[in-house]
Structure formats: structure tokens, C-alpha cells
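A, B, ... follow the sequence lines: proteins, then strands. Residue 1 opens every chain. A quick note: this is a predicted structure, and the numbers were derived from the prediction, not measured.
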Amino acid sequence: MTGAEERDALRAWIRAHNPDVPPGEPADDTPIIERRYLTSLQVADLLLYIEEVRQAPVDPRRLKAGVFKSIDAIHATFFAS
Amino acid sequence: MTFDLADTVRKLSASSRRNYQNPYESIEWPDEVDRAEWFTTPEFVSLHGTPAWDGLPDERRRELSFWEAVNFFSLNIHGEKRLMEGLAHRLYQPGLEGVAEYLHHFLDEENKHSIWFGTFCNRYAGKVYPDRQVDFPREYADGEEDFLFFAQVSIFEEIVDRYNLTMGRDESLVPVVRQINANHHAEESRHLVFGRRIVDWLWREWVDTWSPEVVAGIRAHLDAYVTATWREYYNPDVYRDAGFADPWATAREAWDHPATRAHRAAITKFGLRPLVEAGVVSP
């Protein structure tokens, strides 16, 4: 997957889990927690999806504040290395 | 707030004192366990009823049952950590002074349970599986956060108790696992009573003060909580340790399979019963 495809996959996941997200949202920099497009109860499920897409586990004990604040932040944390 | 849990608090506290346990003496710990034995009742293994389960030879099913037990005890540790944090936070909180006596017992007993779970995981697996849940701060209406806390505790413990009840009686399981489950079930019985009563009380105290949007939000949150709770039972870390080549696909396929959906639905029915009886959610 290219970086753009990974971002689109994350966007599609957010939309699939939140039918109320307006068309065209979320953009790469949309504050998805602030807008309630991603809730704390959905994070474990999202992490499993991220692990499957990148085919590598995530150590949730090492996550820092802010890693889920936007598509950009998620991508930079889990896919950009 | 009117307080009508005094009798429940008095009776449960007396029962906790009568049944007080030393956590270091209440379980017989063998030096090691044989992973060729059963550690989880087969029908409660997360893959049971799926093609992945059907294709496993008996010795790999037993090995998987070991890692499933490690996961069950790990998710209990994480659930109880959140529970203990929430209970400690609410000790002598204005409005909840009347339940403080029992919250002390609740905290004490949850800490003991975590000692059992942690001892099993560290002694026989050398690890506790990490927790994937993350909390984001958010705003709550008055009374909403306390209600959601105790409602979530009720759901979590009612689901766990169905597993404890079955596995505490399953003679095919290794004795140490049977004993942990049986002891946990015995102590949780009090917590379940308390959970049912306090959820009912807090709902009646607050529901008329909440807007329809807050009530709808509470129902949506609890629905999402049930899903998030069950997700932890389908842990790719378990499937990796049990030798599955693609643990994430295994988790996803197991989660989506009709047999596991039916299993979750049957147990969720018990898990939600206190909330149904209180009128919080529909049957």
C-alpha cells in the first residue's frame, strides 16, 4: 500500500464505524476525537485494524497522547516509519 | 439524592467480612502446568465453532486453550485495574458516601482477584497480554459519568461471570484454572448484586434530569461498550502464540463467524439483564 492508500483505508474505517460522518470527511487533518468520529471505545478495534493492515503488532503500552487525533497523526505514528 | 442501598451495603459488607480470604493461601499453585491439558472449556474458546477450530488437531486445541486462559485472565486484570481506579476515585464522593463501606470491600476483593490472575499469567506464560483500550477525556452531564462507570462494571462482570461459572465447574480443566474461576465466581456474586442495585438506583435518581440526547448517548455508549468488551476475547496475540500464521485474519474471521456471534449474543443476554430490568436498555 502507498501512503495515500493507507490514509484512505483509515478514512474508510472511520466512516464505516461512524455512519454520521458528513460526506468528504474526515480530511487528513480533521480533529477526529474532538468531532467524536473516533471514541475511546473504538480505539482497540482500530488498533487491530492498523495491525492487520501493516501486518505487525502495535505495543499499546508505548502509545503517546495525541496519536489518534487525526488521520495524519495515526498515519505518522503507525505507518510512516 | 435519596439513598436506598443501605440494607444492601450492610448485608454485602457483612458477607465480605465473613468470607474474607488471604489471596496468597486461597489458590494451590503448581510449579508448572502441562499445556497438553485443557485450560479453557472448549465451547468458550474464541474459535470454537469456526473452520479454524474444526481444522485444529486436539493437541493444538489444548495449546490454544492455554493461551485463551492467559487472555481471559489478562483482560480481567485490565478490567479490574479500571474498576479499582474508578472505585478508589468514588470512595467518599459526595452522593456516594452511603456505599463507601462496601466500596472498601469491593476494592479489596478486586485487588485479590488481580493477584490470582497476574500470578497465573506470569508464572505459566511469563507475561500479561497488553491492553488495547485507550481513554479519551470527554464532558459528561451531571451523574452521567458515575452511572456509565457502574453500568460498564455491571456488563463486564456479568459477562466474565458466565465464563467463571462454567469453567469453575468444568472437571476437564487443570485444577488451578478451575479453582481461580470458582473463587472468582464466588466473590463476584456479591459484586454482581451490588452492581445491579447501584445501576438501578443511579438510573432512577438521574434519568429524569437528563435530556433525551444524553439518554440516547448513554444507550449508544453502552452498546459500543459491549462490542469493545467482546473484542478483547478475540485477541490476535493469542492466535500468534498458538501458532496461527495470520493472527489478525484469524481474529477477524472468528469475530464475524455466525457461531461466535451466537455465543456472544447468548452471553450478552445475561450481561445486559440488570440494565434491561432497570429500564436502561431494551431486551
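Side-chain contact between Leu48(A) and Pro236(B) is present, with heavy atoms from C-beta onward closer than 4.5 Å. Using a 4.5 Å heavy-atom cutoff, the side chains of Phe136(B) and Val43(A) are in contact. Arg132(B) is not listed as a side-chain neighbour of Val58(A), based on a closest heavy-atom distance of 4.5 Å or more. You'll find the side chain of Arg231(B) stays beyond 4.5 Å of the side chain of Gln42(A), heavy atoms only. Contact annotation: the side chain of Leu41(A) approaches that of His221(B) to within less than 4.5 Å [non-hydrogen atoms, C-beta and beyond]. A heavy-atom distance below 4.5 Å is found between the side chains of Pro57(A) and Trp248(B). Taking 4.5 Å as the limit, every side-chain heavy atom of Arg252(B) sits out of range of all side-chain heavy atoms of Tyr49(A).
When heavy atoms are compared at a cutoff of 4.5 Å, Leu46(A) does not approach chain B at all. Heavy-atom distances place no part of Ala251(B) under 4.5 Å from chain A, backbone and side chain included. Looking at Asn235(B), neither its backbone nor its side chain comes within 4.5 Å of chain A, counting heavy atoms on both sides. Only the side chain of Leu47(A) comes within less than 4.5 Å of a heavy atom of chain B; its backbone N, CA, C and O stay farther away. With a 4.5 Å cut-off on non-hydrogen atoms, Ile33(A) touches chain B through its side chain but not through its backbone.
The number of heavy atoms from other shown groups lying within 6.0 Å of CG (Asp142(B)) does not exceed 12. Residue-environment remark: NZ (Lys81(B)) stays at or below the threshold of 12 foreign heavy atoms within 6.0 Å.
No salt bridge links Arg138(B) with Glu34(A); every basic N to acidic carboxylate O contact stays at or beyond 4.0 Å.
Going from atom CD of Glu51(A) over to atom CG of Asp237(B) covers 6.5 Å, rounded to the nearest 0.5 Å.
Nearest heavy atoms, Arg61(A) versus Pro130(B): NE-CB, 3.9 Å.
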